[in-house]
Amino acid sequence: MNTNGDTPNNNDKIVENDARSDFVRDIVKEDLKTNKFDGRVVTRFPPEPNGYLHIGHAKAINLNFGIAQEFGGKFHLRFDDTNPTKEETEYVESITNDVRWLGADWGDNLFYASDYFDQMHAYAVDLIKKGKAYVCDCPHSEVSKMRGTLTAPGTPCPHRDRSIDENLDLFDRMHKGEFPDGSKTLRAKIDLSSPNINMRDPIMYRILHASHHRTGDKWCIYPMYDWAHGIEDSIEKITHSICTLEFENHRPLYDWFLDELGVYHPQQIEFARLNLTYTVMSKRKLLELVKGKFVSGWDDPRMPTISGMRRRGYTPQAIRNFCKRIGVNKFNSTVDFQLLEYFVREDLNKNAPRVMGVLNPLKVVITNYPDGQTEELDAVNNPEDPSAGTRKVPFSKVLYIEQDDFMENPPKKFFRLSPGKEVRLRYAYFITCTDVIKDANGEIIELHCTYDPATRGGDAPDGRKVKATLHWVSADHALDAELRLYEHLFSKPNPNEVEEGHDYKENLNPNSLTVLKNCKIEPSVKNAPIETRYQFERQGYFSIDPDSTPGNLVFNRIATLKDTWAKIQTAETTR
RNA sequence: UGGCCUGUAGUUCAAUUGGCAGAACGUCUGACUCUGGAUCAGAAGGUUCUAGGUUCGAUUCCUAGCAGGCCAGCCA
C-alpha cells in the first residue's frame, strides 16, 4: 500500500482507531443483515475517461474500495465510456495509473461500458417490444420545448404513439446508420407530467456518427447515461452503486429501467462530493486551466488532480487518511485545505528523511577554521524513526546559511544569528558572528564568523546554551538545485465567489509558484530517484520533480513546516 | 412560484437509533527540544437552523416555517 517504503504500523493504527461508520456503510451492514444481496458486496468506481482524476475522485475511490475491502467484497474499475466525442485513451491511462497509485486494487475486474453496447441494444429492443420506448423524430429544440418546465408538465410529441413495428423498424435503421446525427432519438415512454423532469420520456439513444476510442466505427448510436449506467451495474452484479448527490433525481429512472427490464437490480446510493478551499474541483474548470495554460498541465503540482498531488509529493497514505477523516455525507461542505496538509505533514514527518538545504544562500566564512580542511559530521536521518540511521555531512571553512537566519538589527524575539550572537550549526559547531560584509549598495553579501572547536557535533562541554540551531551546507560540497515553491492556486477560499460578470480565473493566485534557482543542498541527495521525498530541516517537505536531472536537481515543495516565527512576524506586522 | 435532498463548535464529522452534545483540524496558553519542526499538557469555542407539538426526557419522532443544494443536455 505504501510507495515510499514507510512502515505501515503507525499509520494503520491511526486509521484503525479512526475507523468510523457512515450512512453508506450503515446501509451495506443492514443489507448484509437482511441478506438482500445474498451476502455479497460489490462496489465500483465508474469514471468517464474525459479528464484526469482529482482529490474528489479519491474520496469516491476510497469509499468504494474501502467498503469492498472491509466487507470482504469486490471492487470494480469501470470506464463509463458512452460518449465518444469527449473521451480519449490518454484519460483511460491516466485514470488507471491514478487509481492504482492511490492503492485501490480492482484485481481482474476492469470493465468498459462499451463492452456492454450489444447487450444494451438488445435490452432497448426489448423495451420497444413492451411498448415502453419509441423513436422520436423531433429536433433538439422541439424536445426541450415539449419537456415542459419545473412547474409546467410536458406535452407528448406526435411520435409518442407509433406502433411497435414502426419503432422497431426505425430503431433498426438508426442502428444501421440511415439517419444523420440528431435527427432521431430513442426515448423511454414514462410520464410527461412527472414532477421529476428526468422521468419525462428521457432519451435512451442518440445518433452520433463518431469514432469511439475502443469500438471504433462499429456504432453510430450511443446510449445515454441513465439508460446505460443501471445496465452496467446490473451486468456486473454490483450491489451498491454509489454516486454523487446530483444523481439523486435520477434514481427513480435508474430503478424504472431495471424494473421494466426485469433484471438484477443494485441499490443506488448518493453522497456529497468533496469541495476544498482555495481550489476548484470541476472537470470543466480543471480542463480550462490546462487548455488555457494557466498551469503547466494536468499534473501541475498546484492542481488538485491526483497526478498533480503525486508530482507535488503528496503520499497515497496521506490522501487515504484524509479521505477517511472527512467522512461521507449527504450535505454539501467545503473542507479546509489545512486538513489535507495536516495529513500530508503527519505522514511525511514520520517517513521523510531529513536533509539540509538552503533556499536563499548567505555566504559564511569561518575565519578561525583551517583553510582546505573538510570534516564529516554525523547527522540523524529521521529523529522520528531511529531505524532510518545516520549519515555524514561535510563541513568546511566556507558555508551557506539561510538569509532569513541573519538579521543585522534583530528585534527582541529574533533569536537566530546577528552580530556578536552565538548560534549552533546543526550537527556541527557553535559559531559567533564577528563581521558583516556588504557590497556597494549596502546589501549584505557575506558574514564572518568564528567557531568554537570544543562544540564539535553541536554540544558545548561547558553546558552553555544557544537559542537557535541553524541549517547550513558546505559551499564546496553543496549541490545546486532549483526549488519550486507553491502556494494555493487561488487566492480566495472559494474561487467561485466572483462579482456579477466576472470569472473565477480572476481569483487565480499570482504567487502560486515561486521558482528559486540558486539553492544549495547537501550532497547526500545526489542520486535520489524522482519522487523521493525529504524534509529540508526547518524549511518543509520537498520531493524530486520529474524535470530533475543529475546535473539540474529540481525539487517541489510539498508543504512547509509549521513556522511559529513566521506567525510571530505576521502578528507583529498586522498589529 | 414544481419535485427531491440537506441543516450539530470557525471547519470537517460523531453521538450505541429517545437518555448528561463529543472528536479531529484550526485558534490561543504553557512545557519540552540540537529543526522557532515534532511531541506533550491545557484553554476558549454550541439557542444542535427557527417555532410549535409528542414525551419524565428530543440533535434524534411529528407539524409548520427558514436557509442551502440538485433538476428543464441528444453530458456524465
Side-chain angles (χ1 to χ4, degrees), chain A residues 18 20-22 26 46-48 50 80 82-83 85-87 136 138-140 143-145 147-154 181-187 194-200 202-208 221-222 224-226 228-229 243-252 270 272 274 277 283-284 322 325-343 345-346 349-350 354 356 379-380 383-384 413-416 424-428 430 457-459 465-471 493 535-540 560-568:
Chain A
D18 232 24
R20 59 183 62 220
S21 199
D22 52 62
D26 288 346
E48 182 189 13
N50 69 342
D80 204 1
T82 57
N83 185 353
T85 64
K86 292 190 175 175
E87 297 150 8
C136 173
C138 293
H140 201 307
V143 174
S144 52
K145 217 179 289 171
R147 192 163 3 235
T149 67
L150 294 177
T151 49
D181 287 4
S183 61
K184 283 180 169 45
T185 56
L186 181 71
R187 295 227 254 161
S194 171
N196 182 342
I197 293 180
N198 294 310
M199 302 298 273
R200 320 240 263 231
I203 290 169
M204 295 163 62
Y205 274 99
R206 75 282 217 187
I207 300 173
L208 240 38
I221 56 172
Y222 289 92
M224 297 288 288
Y225 170 87
D226 287 306
H229 206 85
C243 60
T244 44
L245 244 33
E246 67 269 25
F247 293 103
E248 215 155 18
N249 296 328
H250 295 243
R251 179 155 29 94
E270 310 85 12
L274 169 67
T277 54
K283 269 193 198 174
R284 201 206 93 228
F322 170 76
R325 182 69 234 179
I326 60 174
V328 184
N329 248 315
K330 279 179 84 83
F331 44 87
N332 296 295
S333 60
T334 303
V335 178
D336 196 329
F337 197 89
Q338 288 180 106
L339 188 60
L340 213 208
E341 284 204 312
Y342 166 79
F343 285 105
R345 290 195 184 104
E346 182 196 53
N349 177 47
K350 278 183 297 226
R354 309 290 116 134
M356 291 195 282
V380 173
E384 305 294 321
K413 288 177 182 168
F414 183 88
F415 38 83
R416 279 114 94 148
R424 171 169 40 232
L425 294 182
R426 178 142 237 225
Y427 302 124
F430 285 13
D459 284 306
K465 299 284 183 200
V466 288
K467 282 282 266 182
T469 301
L470 311 185
H471 60 277
Q535 183 197 102
F536 288 1
E537 296 218 23
R538 305 207 304 137
Q539 289 294 356
T560 59
L561 255 23
K562 278 199 215 150
D563 189 346
T564 52
W565 168 242
K567 200 174 279 179
I568 292 167

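In what follows, every chain begins at residue 1, and chains take the letters A, B, ... in the order their sequences are listed.
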A:I568 CD1 to B:rG36 C1', in whole Å, measures 7 Å
What's the CD-C1' distance between A:E384 and B:rC32, to the nearest Å?
-> 14 Å
In whole angstrom, give me the gap between the P atoms of B:rC28 and B:rU33.
-> 23 Å
Name all residues meeting the ring pair (Phe, Tyr, Trp, His ring centres under 6.0 Å) criterion together with A:Y342; count only those two or more places apart in sequence or in a different chain, and write none if there are none.
-> none
With rounding to the nearest 0.5 Å, note down the distance linking CD1 in A:I197 to CG in A:L150.
-> 4.5 Å
Nearest to the side chain of A:F331 - B:rU17, B:rU8, B:rU1?
-> B:rU8
Any-strand Watson-Crick or G-U partner of B:rG37, both distances under 3.5 Å | none
Reported CG-to-CZ distance for the pair A:L425 and A:F430, which is rounded to 0.5 angstrom = 10.0 Å
Apply salt bridge (Lys or Arg N to Asp or Glu O under 4.0 Å) to A:K86 and A:E48, showing your working.
-> CA-CA 9 Å; A:K86 292 190 175 175; A:E48 182 189 13; over 6 Å; no
Just checking A:V380: base, sugar-phosphate only, or nothing, at a heavy-atom cut-off of under 4.0 Å?
-> nothing
Between A:T334 and A:K330, the residue closer to the 5' end of RNA chain B by nearest nucleotide is A:K330
How would you label the contact of A:L425 with the nucleic acid (heavy atoms, under 4.0 Å): base, sugar-phosphate, or nothing?
-> nothing
Find the distance between CZ (A:R426) and CG (A:L470) and round it off to the nearest 0.5 Å.
-> 11.0 Å
Euclidean distance, atom CG of residue A:D563 to atom P of B:rG36 [Å, nearest integer] | 9 Å
How would you list, by chain and number, every residue that makes a ring pair (Phe, Tyr, Trp, His ring centres under 6.0 Å) with A:F337, sequence neighbours excluded?
-> A:H488
Figure out the CZ/P separation between A:R424 and B:rU33, and round it to whole Å.
-> 11 Å
Say you pick atom P in B:rA9 and the same atom in B:rG65; how far apart are they, in whole Å?
-> 24 Å
Is the base of B:rU59 syn or anti, where syn means the angle lies within 90° of 0?
-> anti
What is the nucleic acid contact for A:R416, judged by heavy atoms within less than 4.0 Å: base, sugar-phosphate only, or nothing?
-> base
Does OP1 or OP2 of B:rA14 have a side-chain N or O of A:S21 closer than 4.0 Å?
-> no
Is A:R538 near enough to B:rG36 that one of its side-chain N or O atoms lies under 4.0 angstrom from OP1 or OP2?
-> yes
Let me have a per-nucleotide readout for nucleotides 69-76 of chain B, 5' to 3', with B, S or -, counting only protein heavy atoms under 4.0 Å.
-> SBBBSBSB
With sugar-phosphate meaning primed atoms plus P, OP1 and OP2, does A:F415 contact a base, only sugar-phosphate, or nothing at under 4.0 Å between heavy atoms?
-> base
Would you say the side-chain atoms of A:N196 and A:S194 include a donor-acceptor pair closer than 3.5 Å?
-> no
Residues in ring pair (Phe, Tyr, Trp, His ring centres under 6.0 Å) contact with A:H229, at least two apart in sequence or another chain = A:Y225
Whole Å only: how far is the OH atom of A:Y427 from the P atom of B:rU35?
-> 8 Å
Base, sugar-phosphate, or nothing: which does A:F430 touch, judged by heavy atoms less than 4.0 Å apart?
-> nothing
Answer yes or no: is there a donor N or O on one side and an acceptor on the other, between the side chain of A:T564 and the main chain of A:K567, under 3.5 Å?
-> no
Report the residues that fulfil ring pair (Phe, Tyr, Trp, His ring centres under 6.0 Å) with A:F536, sequence neighbours left out, ordered by chain and then residue number.
-> A:F542, A:F555
B:rU8 and B:rU60: how far apart are their P atoms, nearest whole angstrom?
-> 13 Å
Quick check: does any side chain N or O of A:R187 sit under 3.5 Å from a backbone N or O of A:I203, one acting as donor and the other as acceptor?
-> no
Residue matched to B:rA64 through Watson-Crick or wobble contacts both under 3.5 angstrom | B:rU50
Sticking with atom P, work out how far B:rC20 lies from B:rU27, rounded to a whole angstrom.
-> 32 Å
Whole-Å P distance, B:rA67 and B:rG22 = 32 Å
Find the distance between CD (A:E537) and CE (A:M356) and round it off to the nearest 0.5 Å.
-> 6.5 Å
Could you run down the sub-3.5 Å N/O contacts of the protein with nucleotides 26-29 of chain B?
unit_1	atom_1	unit_2	atom_2	d
B:rU27	OP1	A:K567	NZ	3.2

A:L561 CG to B:rG36 P, in whole Å, measures 9 Å
Using the C1' atom as the reference point in each nucleotide, state the distance between B:rA21 and B:rG46 in Å, no decimals.
-> 8 Å
Between B:rG3 and B:rU55, how far is it from one C1' atom to the other, in whole Å?
-> 33 Å
G-U wobble or Watson-Crick pairing nucleotide for B:rC4 (cut-off 3.5 Å, both distances) = B:rG69
Quickly work out the A:W565 CH2 to B:rA38 C1' distance and round it to whole Å.
-> 21 Å
Tell which nucleotide pairs with B:rC56, taking only Watson-Crick or G-U wobble pairs whose two distances are both under 3.5 angstrom.
-> B:rG19
Can you find a donor-acceptor pair, distance only, under 3.5 Å between A:Q535 side chain and B:rU35 base?
-> yes
Watson-Crick or G-U wobble partner for B:rA24, using a 3.5 Å limit on both distances?
-> B:rU11
Just name whichever nucleotide pairs with B:rA76, Watson-Crick or G-U, keeping both distances under 3.5 Å, else none.
-> none
Once you round it to whole Å, what is the distance between C1' of B:rU33 and CG of A:D459?
-> 12 Å
Report which part of the nucleic acid A:R200 touches: base, sugar-phosphate, or nothing (heavy-atom distance under 4.0 Å, all strands).
-> nothing
Check the chi torsion on B:rG73 and let me know: syn if it falls within 90° of 0, anti if not.
-> syn
Which distance, rounded to the nearest 0.5 Å, do you find between the CG of A:N50 and the CG of A:N83?
-> 8.0 Å
With P as the reference atom in both, quote the distance from B:rC40 to B:rU48 in angstrom, rounded to an integer.
-> 32 Å
